[in-house]
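In what follows, every chain begins at residue 1, and chains take the letters A, B, ... in the order their sequences are listed.
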Amino acid sequence: MSGDHSHSEDQVITTSVFSDSQKHKDKFKKEHKHKDHKKEKEREKSKHGNSDHKDFSDKKHKDKEKMKHKDGSTDKYKDKYKEKRKEEKIKSFDCKVKLEKENGFDSPLHLKSEPENIFHSPKNDKSLKRERDDDDYEIKPKKIKTENDKKAKKRKPQVEDIKTVKTKNKKGEMPDGKKKAKKEPEEKWKWWEEERYTDGVKWKFLEHKGPVFAPPYEPLPSNVRFYYDGKPMVLSADAEEVATFFAKMLDHEYTTKDVFRKNFFKDWRKEMTPEEKAKITDLKKCDFSEMHQYFKAQTEARKAMTKEEKLKIKEENERILQQFGFCIMDNHKERIANFRIEPPGLFRGRGDHPKMGMLKRRIRPEDIIINCSKDSKYPEPPPGTRWKEVRHDNKVTWLVSWTENIQGSIKYIMLNPSSRIKGEKDWQKYETARRLKKCVDRIRNQYREDWKSKEMRIRQRAVALYFIDKLALRAGNEKEEGETADTVGCCSLRVEHIKLYPEIDGQEYVVEFDFLGKDSIRYYNKVPVEKRVFKNLQLFMENKEPDDDLFDRLNTSILNKHLQELMDGLTAKVFRTYNASITLQAQLKELTSEEENIPAKILSYNRANRAVAILCNHQRAPPKTFEKSMQNLQTKIDAKKEQLSAAKRELKGAKADAKVRKDEKSKKAVESKKKAVQRIEDQLMKLEVQATDREENKQIALGTSKLNYLDPRISVAWCKKWGIPIEKIYNKTQREKFAWAIDMAEKDYEF
DNA sequence: TAACTCACTTAGTAGAACTCTA
DNA sequence: TAGAGTTCTACTAAGTGAGTTA
């Protein structure tokens, strides 16, 4: 694909243009003391098993190259390049997408009720903390009005009209939990058919019951002992509680890691009495095995509970859910996502996190900030306690917040993805990505031009943007050193994260990426790039140490400011959403064939989904049972083949018999054998498709892209077009999250 | 303008819940 | 019906990006 990005030789600029490079370097260069980074990387490499991963990545790359820009946009580059100057005159200012000016892409919305570009500008949301100027309203579609607008269709006004989660049945009674589960197709609130708030207001009325706190610590029975240096030792309640956190994790790899052990021990000692502190000085001498056994036994006992006991627990959970799991937001009952406060425990930071093992302390009511309406019934703190604060901020979506003690970050209780507040935002996200589709050609042309800029900062920005666009890299915010695992994104890439090959494996200008991204997931990719990008990278790396920033004059803030100028609401992450969705759409078109049956079509869908997951580097550890389950499946396939051969033999016999007898009965027998063969063939095919799908999915997680990057309307449209039940693509939770898309997208929807 | 704060989305995983099969 | 295998959900860490402060 890089071929169509090529430029003529005369456009290659010599390095002399950048003589100021080093002068500025120190100014912009951040201090990196990643002494351990290389070691960590090596460790990570060996952990992942290089050869396997290489194969995976090579395939990944091939797939990527195949699928990239299937929308045909790059084909337009050459022609557009010739007309660039002409175009620039026309579009000399910014690329703020005014619909009347956009005629490059004709992308009509094929929706029942979606007003064109209803989410015209995320700036509408951006101004949440400032008062908007009246001028801002000029760009808003007329359809969007405030609730105060008398002509606007109001949000459902009656509290009794709550039907988001539970609605009245035909008799006008509220169904119980079980009936509700069976009667899924109840009338739902179609918030997407109503007007949205403006001015950053998220709600007008909010009432909830507050959070559910973690249950208090229950001391261990006296027969479960902790041993120090081989001798039993009775611990104080506080020390014992923290000890149990460690004991519960004894089977986990975490407890073998030095950093985890060190952090745990340090924090544990803080909870000890002076006497305990004086005695317990070495973690190696601590024996938690009896505690560990006790918890294991408890788990087993839970599993072995009778049906009745299990039902009792289920009912209790349901009661808590009904009491605390919902709120009233603007006259609608909405499900809360996480109404339980995180229990105390040991921090499980991912990758080589410097704080892993630290004690996550217990959250008390005095730590909690409640957010609700002034005119609502405030949640009650537990008896004898008080909230830290009760506030009434309707410019935010959270209900409860607290500050955690590990990183000092704020944690929130928010609404479920099926709620209006989350759904609107999700819909808006895809609309922004669709607006990018309309001007992505121009943006690509621009960053290609910028590769030639006389200014280093512009070149860096342009190359970074190219990576973000081409490889779906994350933006890469700067991180506080020593506070988190050493991971990077595009803007924070360091010299040591890439290798340049003028020629390798029969390809020219290849860049090899090898770094740890979000969640310390390794990103490894070998990509041929355009010559100009390659030359620029050589330049950026000149006179730098491995741990220097590759883009020393760029950060996400600079990049996003630039993107904002190119398109209203454009940020680095919009490219990921755009490229994921456009890839899915293109792949579905390419892979789905009319004559296939439903299982084969679903395989095609999963393959399209997989292409996106590969693009976004959504990896997973292969399931522990993978090999075994594949083996089982293969056994089933073999048995089915055997069964098919037998059925075919029987059919042959029946045919021969019918030839001789020539009576009705034998004819019927032939028909029935034919049907049997057909049925077994179908079953075999289904099994084979399942095996292929599972094998291809070994290391790829499809869920993340499905939930976060793929415009659900593409999937809904595909289902409608090919008569695939939506349940085959989205499970119940996903259907709830994407209810808006399921309702509005028709079979001819185009992203 | 760098550092910090805040609000939100995106992410992988553990274990619960469900389904299938012998 | 047990238990093995699979799917779903809850959980919470780790990102992004806008706004604020010094």
[N] phosphate, OP1 or OP2: any side-chain N/O from [X] under 4.0 angstrom?
{"X": "A:Thr397", "N": "B:dA7", "answer": "no"}
{"X": "A:His252", "N": "B:dA14", "answer": "yes"}
{"X": "A:Ser557", "N": "C:dA18", "answer": "no"}

[X] has an atom [atom1]; how far is it from atom [atom2] of [N], in whole Å?
{"X": "A:Lys425", "N": "B:dT10", "atom1": "NZ", "atom2": "P", "result": "9 Å"}
{"X": "A:Ile413", "N": "B:dT9", "atom1": "CD1", "atom2": "P", "result": "16 Å"}
{"X": "A:Asn617", "N": "B:dT10", "atom1": "CG", "atom2": "C1'", "result": "14 Å"}
{"X": "A:Asp426", "N": "B:dT9", "atom1": "CG", "atom2": "C1'", "result": "9 Å"}
{"X": "A:Lys248", "N": "B:dG15", "atom1": "NZ", "atom2": "P", "result": "11 Å"}
{"X": "A:Gln428", "N": "B:dC8", "atom1": "CD", "atom2": "P", "result": "12 Å"}
{"X": "A:Trp398", "N": "B:dA7", "atom1": "CH2", "atom2": "C1'", "result": "10 Å"}
{"X": "A:Leu615", "N": "B:dA11", "atom1": "CG", "atom2": "P", "result": "11 Å"}

*Whenever both distances are under 3.5 Å in a Watson-Crick or G-U wobble pair, mark it; put DNA chain B into dot-bracket that way, with [ ] for crossing pairs and | when the partner is on another strand.*
||||||||||||||||||||||
*asked:* Between A:Val612 and A:Leu710, is there a side-chain heavy-atom distance shorter than 4.5 Å?
replied: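 Of all side-chain heavy-atom pairs linking A:Val612 with A:Leu710, at least one is under 4.5 Å.
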*So, do A:Ile363 and A:Glu404 sit near enough that their side-chain heavy atoms are less than 4.5 Å apart?*
no
Every protein N/O within reach of nucleotides 16-22 of chain B N/O, cut-off under 3.5 Å:
{"from": "B:dT21", "atom 1": "OP1", "to": "A:Lys636", "atom 2": "NZ", "distance (Å)": "3.2"}

*Over 60° means perpendicular and under 30° means parallel, so classify the ring planes of A:Phe513 and A:Phe515, tilted if in between.*
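Answer is perpendicular, since the angle exceeds 60°.
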_Assuming nearest nucleotide by heavy-atom distance, tell me which of A:Ala701 and A:Ile421 is located more 5' along DNA chain B._
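On the 5' side of the pair lies A:Ile421.
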*If you look only at pairs with a residue in residues 692-711 of chain A, which of them pass as a ring pair (Phe, Tyr, Trp, His ring centres under 6.0 Å), with sequence neighbours excluded?*
A:His618-A:Tyr709
*So, A:Glu483 side chain and A:Glu480 main chain: donor-acceptor pair closer than 3.5 Å or not?*
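Side chain of A:Glu483 to backbone of A:Glu480: no pair is present.
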*Could you tell me whether a side-chain N or O of A:Asp711 sits under 3.5 Å from a main-chain N or O of A:Arg713, the two making a donor and an acceptor?*
yes
*asked:* Taking ring-ring contact (aromatic ring centres under 6.0 Å, His included) as the definition, give me every residue that meets it alongside A:Phe295, ordered by chain and number, with sequence neighbours left out.
replied: none
_Under a 3.5 Å cutoff, is there a donor and acceptor pairing between the side chains of A:Thr577 and A:Tyr430?_
no
*Report the nucleotide, chosen from B:dT9, B:dT10, B:dA7, that has the shortest atom-to-atom distance to any side-chain atom of A:Lys422.*
B:dT9
*Kindly write out the residues that satisfy salt bridge (Lys or Arg N to Asp or Glu O under 4.0 Å) with A:Arg348, not counting sequence neighbours, or none if the list is empty.*
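Applying salt bridge (Lys or Arg N to Asp or Glu O under 4.0 Å) to A:Arg348 gives none.
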*asked:* Looking at A:Lys732 and A:Glu736, is there a salt bridge between them, counting it only when a charged N and a carboxylate O are closer than 4.0 Å?
replied: yes
*asked:* Salt bridge or not between A:Arg494 and A:Asp486? Use side-chain N to carboxylate O under 4.0 Å.
replied: yes
*Using a cut-off of 4.0 Å between protein heavy atoms and nucleotide atoms, how would you tag nucleotides 8-16 of chain C 5' to 3' with B, S and -?*
SSSSBBBSB
*asked:* Exactly one of A:Arg361, A:Arg362, A:Lys411 should register a side-chain hydrogen bond (donor to acceptor under 3.5 Å, both in side chains) with A:Asp367. Which one does?
replied: A:Arg361
